[in-house]
Amino acid sequence: MDERYNFRESEPKWQAYWAETDAFAAEAASAKPKCYVLEMFPYPSGRIHMGHVRNYTLGDVIARFRRAQGYNVLHPMGWDAFGLPAENAAIQNRVHPAKWTRENISTMKAQFQPLGLSIDWSREVATCEPDYYRHEQKMFLDFLAAGLAYRKTSMVNWDPVEHTVLANEQVIDGKGWRSGAAVERRELAQWFLKITAFADDLLEALETLTEWPDRVRIMQHNWIGRSEGARVFFDLVGRDGKLEVFTTRPDTLFGASFCAISMNHPLAKELAETDPALREFVSACNAVGTSEAAIETAEKMGYRTPFSVVHPFDPARTLPVYVANFVLMEYGTGAIFGCPAHDQRDMDFARKYGLPVTAVVAPKDEDAAAFAAQLEAGAEAFTGDGVAINSGFLNGLAVAEAKRAAIGRLAAENRGSGTVQFRLRDWGVSRQRYWGCPIPMIHCPHCGVVPVPDDQLPVRLPEDVNFDQPGNPLANHPTWKNVSCPVCGKPAQRETDTFDTFFESSWYFARFCDPKNEGAAFDRAAVDYWLPVDQYIGGIEHAVLHLLYSRFFTRALKTCGYLGIDEPFKGLFTQGMVCHETYRAANGGWLYPAEVEKRGEQAVEIASGAPVSLGRSEKMSKSKKNTVDPGHIIETYGADAARLFMLSDSPPDRDLEWTEAGIDGAWRYIQRLWRLAAVPAVPLAESAETASVSFAGSAKETMAMAHRTIAAVTDDLARLRFNTAVAKLRELSNQIAATKPEDAGAPAAYRFALETLLRLIAPMTPHIAEEIWQALGHPQPLSAADWPQADPAWLAVDTVTLAVQVNGKLRATLEAAVGADAKTVESLAMALSAVQTHLGGRTPKKVIVVPDKIVNIVG
RNA sequence: GCCCGCUUGAUGGAAUCGGUAGACAUAACGGACUUAAAAUCCGUGGCCUUAUGGCGUGGGGGUUCGAGUCCCCCAGCGGGCACCA
């Protein structure tokens, strides 16, 4: 063996070997238990970045580890290939989105190869290809038939930059999730998927996802936003009809002093037609905007309509109806009743418009009359628990009981009912864009909207489009959209909207189970075998987008008989971001790390020698130029060093700070590992057989640590604690190097521990592990070797170090036999001079002995 | 405003059940080797201190023989949701 490890030779050699031998192909039929490991597939943006390297390295370690443990592993890769960047590239560079996308895929695939990932490339899919998207067109038609898809005209979020509609989940703080442009409200006819049909189930099933991070479950829980309450009908005074209101506090109905409706409420719209003052009020409200800051500072504004309503529990009382800027048409019924005493916003509104405040809940132990007087005079609403007062038949009931009683009376009198309201709304999937899956529907002037018949699928995207005019190229295409109606045969037009690209990513994990199937999306037996995904890995940014859509889609597919499960991802892991320090030149411009050289605490620009100011570490991004090119890193340090550093320091769910020192350290360890074999401190035994060898001194300790490390690393990898696994492997390396040749059994211990180290580290740094394994004379590759087993005999220890405390402070340690009884340990401890010194002659009041751990002498 | 998470040496982090705080690294420093540098090897390393002493896991309080870990209050940082009735 050479004294230095040459990754430039070794890494491509092993990658070629794995490819030639189909080393990572999943077995079709297997007696082994299955394990489906999946990382969120990438969008083919053009080049891979460090976030990809981290994501796919984490998945690869799990896949290789499980394979070695004897699982039939499915570890596929594909491309989330539809999307807007391809269209933007088409507009800017006059290159067709299909060409741009396919070239990016081949570039990125080539960039993935040198990472040495254990991927089954035979299952690769790209969602922009008709052999993929044809199946989701069929799924959509099945959803339509099952009542899970529908078309309606509604107010939608319109992104003025992307010229398309966005789903609620894609609007962040009033801005488009990708463009950052302020979203406008528009009324459009759209296709929707009925995600609300599963609202309760999606919420309740979060409990069963025990291998998901809590915060993702909480985020989905909040997003679904279930609230229990009541629907209440208020009779309108002087005209037919009722005003329907949703409330979570039917117990406070006796405290109602007004009703308020949204300016988009049918009653408000009707009134606006004849009331110019209301129209003026509406435009004043619209001018405020919907950004976070605008909403926070916006004043509660109301417009007094001529309408009033009758109180449901007291026909003698009427309440005025306002149009108010804070009532949303999209939530509940677009109308509320206001109870100022017990809702701060209603209180603010009542004070502003001189409406009465009546306390109807008082804390249990306070004087009701005094509390009510104080509340009604003040400006703070009381929202705590208590007992109903001033509330007729509800008086004396606690809040929860009063809610039930109020709902009971409403229902009995046909004035309302208990109901559950969700924040979640149906998923709008229409996008006015070209580079997406065509929605397989046809608009016929005679027959209405009709589905494209199965035998005419797929509806292919036409390639001959141009991007010279704004808007959707499909809508501007001269011929594509003109078809004959499949029902009546007369001229009709295709739907020119395409699906939201989250449609494709909502079922790709199922396609990987049977990726070449032409007749169907996938074979039922294949998904029954492979799904759910055992370990899914990706960024937290999809906590409510992709992950919620996929959970819905799986249920919808089950409804339509495609598969038999509810939850697509059994285990979910959300990895942290890859961050880097930021650099700014004197002129304020950002600088790439490659343009900066650090000299001690100072940093200077290499080209000019000018000082550079150091900024905080942030997520790598092109805009701040704090990026490092994965290709460059692999060329300089090799894939194993890059992978090792990705896994070493930070726990995988936390952000990782990429540093030069860190990758250097990983590189040095790779070389150190090589030297353990190439320049061994102890001549290696012929084989790793240790049963017939007797060990002493450092050799014995090396053996013991090797076995301890097997147990610890196996546990760490199963729990995705890669950083601590690396630490333990480094400890074992240190121990191997410290093995003394003169100690009995040293050659066997050295070889055994080294081979153990290689097998344990192989999932993380597979190339060098294979190389050394081969150099040690193994004819079979390490990638085909079994995972090592710790020998319980070596894990057993006969003595243990106990901490000795006096009054809770550590004063000494002592060696005792494992399992030594309390009396023995106590007398050993009392005999220690440090204990006697600190006791200062006092007699112990109490001695606590925790076997094999600690003795605490209280005196 | 509501919900969630985090806060440990110069730095990333470890401490899995309440039981020896700082594993393993990175940076630094001292030494060996070298003409020299790099690499490598050996060593030092929480703070204060004359210490066999004291203090120490964001701050304050509590429970406990014992708290980084549990409870209460507060602060800072990060994230999610938000005129949601």
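Since the structure is predicted, the reported quantities are computational estimates derived from the model, not experimental observations. Throughout, protein chains are lettered first and strands after them, A, B, ... in sequence-line order, and every chain is numbered starting at 1.
- Between A:His221 and B:G80 there is no side-chain N or O to OP1 or OP2 distance below 4.0 Å.
- Rounded to a whole Å, the CE atom of A:Met705 is 14 Å from the P atom of B:A23.
- Nearest nucleotide to the A:Arg4 side chain, out of B:A14, B:G19, B:A39: B:A39.
- In this structure, A:Lys809 places its NZ atom 18 Å from P of B:U64, rounding to the nearest Å.
- Comparing B:A21, B:G19, B:U26 against the side chain of A:Ile854 picks out B:G19 as the nearest.
- At B:C81, none of the side-chain N or O atoms of A:Arg215 fall inside 4.0 Å of OP1 or OP2 (strictly under the cut-off).
- With respect to A:Arg249 and A:Asp343, no salt bridge is recorded, no charged nitrogen being found less than 4.0 Å from a carboxylate O.
- Using a 4.0 Å heavy-atom cutoff across all strands shown, A:Val245 reaches no nucleic acid atom at all.
- A salt bridge does not link A:Glu3 to A:Arg675: none of the charged side-chain nitrogens sits closer than 4.0 Å to a carboxylate oxygen.
- For A:Lys300, taking side-chain heavy atoms from C-beta onward, the closest of the listed nucleotides B:C83, B:U16, B:A85 is B:C83.
- Atom pair A:Met219:CE and B:C3:P shows a separation of 17 Å (rounding to whole Å applied).
- Under 4.0 angstrom from either OP1 or OP2 of B:A14 there lies at least one side-chain N or O belonging to A:Asn723.
- Using a 4.0 Å cutoff on non-hydrogen atoms, the parts of residues 656-665 of chain A near RNA chain B are A:Ala661, A:Gly665, ordered by number.
- Looking only at distances, a side-chain donor or acceptor of A:Trp674 sits under 3.5 Å from a matching main-chain atom of A:Asp2.
- Classification of the A:Trp427-A:Tyr549 ring pair by plane angle, with boundaries at 30° and 60°, yields parallel.
- In plain terms, the two heavy atoms of A:Leu202 and A:Arg551 that are nearest each other are O-NH2, 2.8 Å.
- Taking only side-chain nitrogens and oxygens, A:Arg423 never comes nearer than 4.0 Å to OP1 or OP2 of B:A85.
- Remark: P of B:A25 and NZ of A:Lys728 are 14 Å apart, rounded to the nearest angstrom.
- At the heavy-atom level, A:Arg730 lies under 4.0 Å from the strands shown only through sugar-phosphate atoms.
- The pair A:Asp664-A:Arg668 does not count as a salt bridge, with every side-chain nitrogen at least 4.0 angstrom from each carboxylate oxygen.
- Counting non-hydrogen atoms under 4.0 angstrom, A:Arg231 reaches nothing in the nucleic acid.
- Here A:His342 lies out of heavy-atom contact (under 4.0 Å) with every strand.
- Taking the six-membered ring for Trp and thresholds of 30 and 60 degrees, A:Tyr322 and A:Tyr353 have ring planes inclined between 30 and 60 degrees apart.
- The distance between atom CG of A:Leu328 and atom P of B:C81, rounded to the nearest whole Å, is 16 Å.
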With Watson-Crick and G-U wobble geometry limited to distances under 3.5 Å, how should the secondary structure of RNA chain B be encoded in dot-bracket form, using | for bases paired to another strand and [ ] for crossing pairs? (((((((..(((......[....))).(((((.......))))).(((....)))..(((((..]....))))))))))))....

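- At the heavy-atom level, A:Thr333 lies nowhere under 4.0 Å from the strands shown.
- Taking the six-membered ring for Trp and the full ring otherwise, A:Phe326 and A:Phe349 have centroids separated by under 6.0 Å.
- Set against B:A23, B:C84, B:A85, the side chain of A:Phe246 has B:A85 as its closest nucleotide.
- You'll find that the side chain of A:Val850 is closest to B:G19, out of B:G13, B:G19, B:U16.
- You'll find a donor-acceptor pair under 3.5 Å spanning the side chain of A:Asn856 and the base of B:C65, going by distance alone.
- Residues A:Asp821 and A:Lys823 are not paired through a salt bridge, judged by the lack of any N-O separation under 4.0 Å between the basic side chain and the carboxylate.
- Counting only heavy atoms from C-beta on, A:Arg721 has its side chain closest to B:A14 among B:A14, B:C83, B:U40.
- Relative to the side chain of A:Arg672, the nucleotides B:G19, B:C41, B:C24 differ in distance, and B:C41 lies closest.
- Among the heavy atoms of the strands lying under 4.0 Å from A:Arg719 is at least one base atom, whether or not backbone atoms are also near.
- When every heavy atom of A:Gly334 is checked against every heavy atom of A:His265, the shortest pair comes out as O-CD2, 3.6 Å.
- Using bins of under 30°, 30° to 60° and over 60° for the plane-to-plane angle, the ring pair A:Tyr583/A:His580 lands in the perpendicular bin.
- Looking at A:Lys846, its side chain has no donor and acceptor atom pair within 3.5 Å of the base of B:C65.
- Listed candidates were B:A25, B:A85, B:G13. Nearest to the side chain of A:Pro651 is B:G13.
- Between A:Arg654 and the phosphate of B:G5, there is no side-chain N or O to OP1/OP2 separation shorter than 4.0 Å.
- Residue A:Asp653 contributes atom CG, which lies 19 Å from atom P of B:G78 at whole-angstrom precision.
- The A:Ile218 side chain lies nearest to B:C4 when the options are B:G19, B:C83, B:C4.
- Put simply, the side chain of A:Arg675 and the base of B:U40 share no donor and acceptor less than 3.5 Å apart.
- The nearest whole Å value for the distance from the CG atom in A:Asp343 to the C1' atom in B:C2 is 14 Å.
- Of the residues in residues 818-831 of chain A, none lies under 4.0 Å from RNA chain B by heavy-atom distance.
- One atom, CZ of A:Phe645, and another, P of B:C24, lie 19 Å apart when rounded to the nearest Å.
- The aromatic ring centres of A:Trp658 and A:Phe645 sit less than 6.0 Å apart.
- Taking only side-chain atoms of A:Thr813, from C-beta outward, the nucleotide of B:G53, B:G13, B:U20 with the closest atom is B:U20.
- Classification of A:Arg415 and A:Glu244 as a salt-bridged pair fails, no side-chain N sitting under 4.0 Å from a carboxylate O.
- A:Arg811 has a side-chain polar atom (N or O) that falls below the 4.0 Å cut-off from OP1 or OP2 of B:G53.
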